[in-house]
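Following: one structure in structure tokens, then a few remarks.
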Amino acid sequence: MTARYDVAAIGNALVDVIAPSDDAFLTAEKLVKGSMQLVDQDYAVALYSRMASGMETSGGSGGNTIAGVASLGGKAVYLGKVADDQLGDIFAHDIKAIGVDYDVPRLVGGAATGRCMINVTPDGQRTMCTFLGASNQLTADDVDPAVIEGSSIVYLEGYLFDPSEARVAFAKAAALAHGAGRQIAVTLSDSFVVDRHYEALRGFVETQVDIVFANEAELLSLYRTDDFEAAAKQLAASVGIAAVTRGEKGSVVLSGEARHEIAAEAVEKIVDTTGAGDQYAAGFLYGLAKGKPLADCGRLGSMAAAEVISHYGPRPLVSLKDLAAAKGL
């Protein structure tokens, strides 16, 4: 059956606050460099007041990925929860303006729209503090069967594995997708997520997921080892396709016995790594939905990641479709 959408993404709908920082600021705030931690609304407000001036933009890992899919020319839809407030208005406007379908009912009378405070050090590393707010109020009722069944690939954001209601939504999406002959992809999102939900997340990956995205740290956490090759072998045996990013080492794409080593695309200067993994997934998912060879999917991912780390912000600033055409992808 022809798909209405190339990719549907389900994730935490957040507004990102991105500002330059230094290691001393992270130390003073007792933040672990390069990590993501959940915070309450009071701390989010306090941290915001102490951060340097920066930029505010619609974000959320899954939202960033689906923005990348749209930039590549893909048909995209997003499922994520925002509140009926000003930040919710901003998020909804932004995602629709880039050509992504978005029609999830707003949360009324509850938590505010979620936001992520991102401190970026001179080496481009981002350290994130996230107030989930309305975003973790997504429930199975928000998962529209017509959307899931009409999408070639359904992409699930690992960060949303924290709230139990969202896990129910994931299970519903997986059942609907597989019932319609579609594929389920998941990104592990952060080694902290893997550690918090080790048994449940690993079980979900090994029984419900067709495609996994992970970075090296997340992969090692998933199999509780420091042996990359051993962990990669286990992941390849558990899912149909695995794409593991390794920073400047590029990425490794695995499918059964097949292995593709994808070089990282050269970047003149790394400005901000926020969204690198999200855009890698965008390029890869778009390529896969269009039936491209796995190596080309990886190259599209590398291209998209390189574009986003060359500037502040987690979403492309130029047309990824045009970039891909210029590179023959």
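In summary, the side chains of Asp89 and Gln86 do not present any donor paired with an acceptor at a separation below 3.5 Å, with no hydrogens or angles considered. Using modelled atom types, one finds no donor on one side chain facing an acceptor on the other under 3.5 Å when comparing Asn119 with Thr127.
Scanning all heavy atoms of the two residues, the minimum distance from Ala44 to Met117 falls at CB-CE, 3.4 Å. Nearest heavy atom pair, residue Ala281 against residue Tyr155, reads CB-OH, 3.5 Å. Nearest heavy-atom pair, Ala134 versus Leu107, reported as atom, atom and distance to 0.1 Å: CB-CD2, 3.6 Å. Residues Ala289 and Ile153 come closest through the heavy atom pair N-CD1, 3.9 Å. The shortest non-hydrogen separation linking Pro122 to Ser21 is CD-O, 3.4 Å. Closest heavy-atom contact between Gly124 and Ile270: CA-CG2, 4.3 Å.
Using a distance-only test at 3.5 Å, with no hydrogens or angles considered, a donor-acceptor pair links the side chain of Gln279 to the main chain of Pro314. For the pair Glu165 (side chain) and Gln137 (backbone), a donor-acceptor distance under 3.5 Å is absent. For Ser135 (side chain) and Asn12 (main-chain N/O), no donor-acceptor pair under 3.5 Å exists by modelled atom type. Checked by atom type and distance alone, the side chain of Thr274 never pairs as donor or acceptor with a backbone atom of Gly313 at under 3.5 Å. For Tyr78 (side chain) and Ala67 (main-chain N/O), no donor-acceptor pair under 3.5 Å exists by modelled atom type. Although no hydrogens or angles enter the test, the distance criterion places no donor-acceptor pair under 3.5 Å between the side chain of Lys290 and the main chain of Gly74. Listed for the Glu307 side chain is a donor-acceptor partner under 3.5 Å among the backbone atoms of Leu317. The main-chain N or O of Phe91 is never found under 3.5 Å from a side-chain atom of Asp94 such that the two would form a donor-acceptor pair. A donor-acceptor pair under 3.5 Å is formed between the side chain of Ser319 and the backbone N or O of Asp322. Side-chain atoms of Ser238 do not come within 3.5 Å of backbone N or O of Glu206 as any donor-acceptor pair.
Residues Asp278 and Thr187 fail the side-chain proximity criterion, which asks for heavy atoms closer than 4.5 Å. Contact of the Leu188 side chain with the Val205 side chain is registered, since non-hydrogen atoms from C-beta on lie closer than 4.5 Å. The closest side-chain heavy-atom distance from Leu294 to Phe284 is below 4.5 Å. Between Leu201 and Val194 there is a side-chain heavy-atom pair separated by less than 4.5 Å. Between Thr57 and Tyr312 there is no side-chain heavy-atom pair separated by less than 4.5 Å. In this structure, Val147 and Asp101 have side chains that are not in contact, with every pair of non-hydrogen atoms separated by 4.5 Å or more. Inter-residue side-chain proximity for Thr130 and Tyr159 is flagged as unmet; no heavy-atom pair is nearer than 4.5 Å. Leu31 is listed as a side-chain neighbour of Gln37, based on a closest heavy-atom distance under 4.5 Å.
A salt bridge links Lys327 and Glu265; the closest N-O separation between the charged side-chain nitrogens and carboxylate oxygens is under 4.0 Å. Remark: Glu261 does not engage Arg246 in a salt bridge, criterion side-chain N to carboxylate O under 4.0 Å. At a threshold of 4.0 Å, the pair Asp272-Arg126 does not count as salt-bridged, since none of the basic side-chain nitrogens sits closer than that to a carboxylate oxygen. In this structure, Asp123 pairs ionically with Lys33, as a charged nitrogen and a carboxylate oxygen lie closer than 4.0 Å.
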Exercise. Which is it for Tyr223 and Lys233 under the side chain to side chain contact (heavy atoms under 4.5 Å, CB included) test, yes or no, and what are the steps along the way?
Worked result: CA-CA 10 Å; Tyr223 292 104; Lys233 185 175 181 179; over 6 Å; no
Problem set entry | Verdict with supporting geometry, Leu138 and Ile10, side chain to side chain contact (heavy atoms under 4.5 Å, CB included) | CA-CA 9 Å; Leu138 186 86; Ile10 305 178; 3.5 Å; yes
For this session: Assess whether side chain to side chain contact (heavy atoms under 4.5 Å, CB included) is satisfied between Asp22 and Phe25, documenting all intermediate values.
Result: CA-CA 5 Å; Asp22 56 26; Phe25 180 80; 3.4 Å; yes
Problem set entry | side chain to side chain contact (heavy atoms under 4.5 Å, CB included) evaluation trace for Ile95 with Ile66 | CA-CA 9 Å; Ile95 202 161; Ile66 212 67; 4.0 Å; yes
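The hydrophobic clustering, which links ILVMFWY residues whose side-chain heavy atoms are closer than 4.5 Å, places Val69 and Leu14 apart. With hydrophobic clusters built from ILVMFWY side chains whose heavy atoms lie under 4.5 angstrom apart, Leu320 does not share a cluster with Val308. There is no path of hydrophobic side-chain contacts, each under 4.5 Å, that joins Phe192 to Leu220. The cluster map of Ile, Leu, Val, Met, Phe, Trp and Tyr, joined by side-chain heavy atoms under 4.5 Å apart, puts Met128 and Ile309 in different clusters. With hydrophobic clusters built from ILVMFWY side chains whose heavy atoms lie under 4.5 angstrom apart, Met36 does not share a cluster with Leu26.
More than 12 heavy-atom neighbours from other residues, nucleotides or ligands sit within 6.0 angstrom of CD on Glu229. Other residues, nucleotides and ligands contribute at most 12 non-hydrogen atoms within 6.0 Å of the OH atom of Tyr48. Within 6.0 Å of atom NZ in Lys292, 12 or fewer heavy atoms from other residues, nucleotides or ligands are found, so the atom counts as exposed in its surroundings.
Using a 30° and 60° split on the angle between ring planes, Phe161 and Phe204 fall in the tilted class, from 30° to 60°.
Note that OG of Ser152 and CG of Leu288 are 9.0 Å apart. Values are rounded to the nearest 0.5 Å. Rounding to the nearest 0.5 Å places CG of Asp144 at 7.5 Å from CG of Leu79. Between the CG atom in Leu132 and the SG atom in Cys116 there is a gap of 9.0 Å [rounded to 0.5 Å]. The distance from atom CG of Asp296 to atom OH of Tyr286, rounded to the nearest 0.5 Å, is 12.0 Å. Here the CG-NZ distance, from Leu160 to Lys81, works out to 12.0 Å after rounding to the nearest 0.5 Å. If you take CG on Leu329 and CE on Met303, they are separated by 7.0 Å, rounding to the nearest 0.5 Å.
Under the side-chain contact (heavy atoms from CB on, under 4.5 Å) criterion, Glu257 pairs with no residue at all, not counting sequence neighbours.
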